[in-house]
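Working notes for the structure below.
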Protein chains: 2
Amino acid sequence: MPRHADDRSATRAPARLSRETIVAAAIGLADRDGLAGLSMRRLAQHLGVDAMSIYYHLRDKDTLLAAMVDAVAAEIEVDGEIEAATLGGGGTGAAAVGGGGTGVAAVGGGGARAGGEAAAGSGPAGAGAPGPWTDQLRALIMRARRTMLRHPWAARVLEARDTPTPAVLRHIERVLAVLRGGGCSVSLSHHALHLLGSRILGFSQDLFDDSPNTPATEAETAAQAAAWAESMPHIAELAVAVSHSGALGGCDDEDEFAFALDLLIEGLDRRRLAEQG
Amino acid sequence: MPRHADDRSATRAPARLSRETIVAAAIGLADRDGLAGLSMRRLAQHLGVDAMSIYYHLRDKDTLLAAMVDAVAAEIEVDGEIEAATLGGGGTGAAAVGGGGTGVAAVGGGGARAGGEAAAGSGPAGAGAPGPWTDQLRALIMRARRTMLRHPWAARVLEARDTPTPAVLRHIERVLAVLRGGGCSVSLSHHALHLLGSRILGFSQDLFDDSPNTPATEAETAAQAAAWAESMPHIAELAVAVSHSGALGGCDDEDEFAFALDLLIEGLDRRRLAEQG
DNA sequence: CGGTGTAGGTCTACACCGTAGAGTACGTCC
DNA sequence: GGACGTACTCTACGGTGTAGACCTACACCG
């Protein structure tokens, strides 16, 4: 290692790559030219460096892509802090739309009871904004969406990958924290996660398969859960529940899809009635 | 041109390619080896033919991929006919799941009123099964899902494309027919389509952008709508409504997302209450 | 019959891709 | 001075999609 960490440009050092600069440049390139325009050679050229130099810092192109989505997912958190610092609370402009119901609160059947018991725990990884959990969830997801819209390629890469990156995992943890904090059971939170992550209309599978792809022993799962217990408590909780196949009935893809579909159709029918009545 | 159109196999023709055989082989290859395993050379080898021969029948690899998804989407219709022939009606096993509500009918707020006025019109492109529109929609989407699951690569290709193929369009038409037949307004149907086609959790955009990507004149749109009027009446209807920006307020991505998100969150909150109560 | 047009398929070649593997310059430490 | 690790470069290989010229067999026509 060099003695003083940051003496770039000292002699005639040609570029001074680093994992971070590479990833940042790659993101910039992908933002400009799309995923198709991102090749190792073009990226290297962009950095004023030989293509193979990149491979010293990142094993693969796949590793690069993973690092890129991770960086983007990490932006969600930063955006959140900024938002929390500048604004007071929630209110993201997800209000009235089209024909039927407007917000979550005043719609269909039983009048306006939305939040329930509000955020009781607010937990270790709790999201910033106060207010009913429904508003918190909406704000969190809207923030994620806004971040992803700045990097249109990111969604595609994310979908293509089969394992979530750390920052994505943290985002999921935050979503779970809101759900659990809002009074949703572990089981319902689990369904919710699948629901939020899967596309409907009959196309497409789930975003990630949390079913035991690596058929870990129950002991292993428990060990991992313990390791995550303080950093990602809600994910750990869910992982344990899912692995005890008895408790949640495992994690059947078909059931998850049906759950999501039922929920959507029910919501549509409710909107229809509100529209007509 | 040849005199009699269909005298293939006459002499010793080496392979007798055709667009259909190529597409079928490509689908088979993709089913076996995944999208990554599908290269023009490998496909040609599989067909016992030079790679460039394929280009006589299909302009591009992109054209090939489009033809592949179109063929898969067309399977949905065939499956539907088979189903309609063998079984009587609906009932696709999308019943009880996990903690909260079960089907559409008996859930949350106001008791069991689901179908409403049932299928009044049933229209030209009407779906087979009778029963409440909610059941029809569920059956239709489940059928699509089952087809897509047989070709795991298809969803990815479909998402990557930005224009729907004819068979996909027909599927959408069928979905719209059910919605409209069930009493949903054009506006609500429009929202529903976006809802069903877009992924939530903050990632990803819509499946297709129906906003005027080709900024056609209103006259053009009307002309196209007229041309489609009998083959795809509901899509035509919707297209006209959307193009009259006043009527539906155009088609704002943000609004569509908010609509979907609200509907989901409302549904989750309802499940939560049902669970606790 | 020979000539011609053309549908269907092949061959060659090009630019680009990811990346293995060897080689090179340099700073640090014994 | 020599060994060593770090950061980077060079060369090369096997793959990709596809443009463009080429070939071949057959249908047609005078």
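Below, read A as the first sequence line, B as the second, and so on, with proteins coming before strands; counting in each chain starts at 1.
Spacing between atom CD1 of A/Ile22 and atom C1' of C/dG18 amounts to 15 Å, rounded to whole angstrom units. What separates CG of A/Leu43 from P of C/dG18 is a distance of 10 Å, to the nearest Å. The distance between atom CG of B/Leu35 and atom P of D/dG15, rounded to the nearest whole Å, is 19 Å. Protein atom CE of B/Met52 is 13 Å distant from nucleotide atom P of C/dT12, rounded to whole Å. Regarding A/Asp50, its CG atom lies at a distance of 12 Å from the C1' atom of C/dG23, rounded to whole Å. Whole-Å rounding puts the B/Arg16 CZ to D/dA25 P distance at 13 Å.
Across all their heavy atoms, A/Pro233 and A/Glu173 have their closest contact at CD-OE2, 3.1 Å. Heavy atoms only, all atoms of each residue included: A/Leu179 and A/Ser189 are closest at CB-OG, 3.7 Å. The two residues B/Asp60 and B/Tyr55 make their nearest non-hydrogen contact at CA-CE2, 4.5 Å.
To the nearest 0.5 angstrom, B/Ile22 atom CD1 is 12.0 Å from B/Ile27 atom CD1. With values rounded to the nearest 0.5 angstrom, A/His171 atom NE2 is found 9.5 Å from A/Glu77 atom CD. Note that the CE atom of B/Met40 and the CD1 atom of B/Ile54 stand 4.5 Å from one another [nearest 0.5 Å].
A donor-acceptor contact under 3.5 Å is not formed by the side chain of B/Arg41 with the base of D/dG15.
Remark: B/Arg170 CZ is packed, more than 12 non-hydrogen atoms of other residues, nucleotides or ligands lying under 6.0 Å away.
In the region residues 53-71 of chain B, proximity to DNA chain D at under 4.0 angstrom, judged on heavy atoms, holds for B/Tyr55, B/Asp60, B/Lys61.
Each of C/dC17, C/dG9, D/dT11 was ranked by its minimum atom distance to the side chain of B/Leu17; first place goes to C/dG9. Of all nucleotides listed (C/dG18, D/dG17, C/dC11), C/dG18 comes nearest to the side chain of A/Ser39.
Regarding contacts with the backbone of D/dT16, every side-chain N or O of B/Arg42 stays at 4.0 angstrom or more from both OP1 and OP2.
For the side chain to side chain contact (heavy atoms under 4.5 Å, CB included) with B/Leu65, the qualifying choice from B/Leu35, B/Val23, B/Leu58 is B/Leu35, the only one to do so.
One axis for each end of the helix from C/dC1-D/dG30 to C/dC30-D/dG1, each built from five base pairs, and the angle between them comes to 30° at 10° resolution.
Note on A/Asp31 versus A/Arg150: no salt bridge recorded, every NZ/NE/NH1/NH2 to OD/OE distance being 4.0 Å or above.
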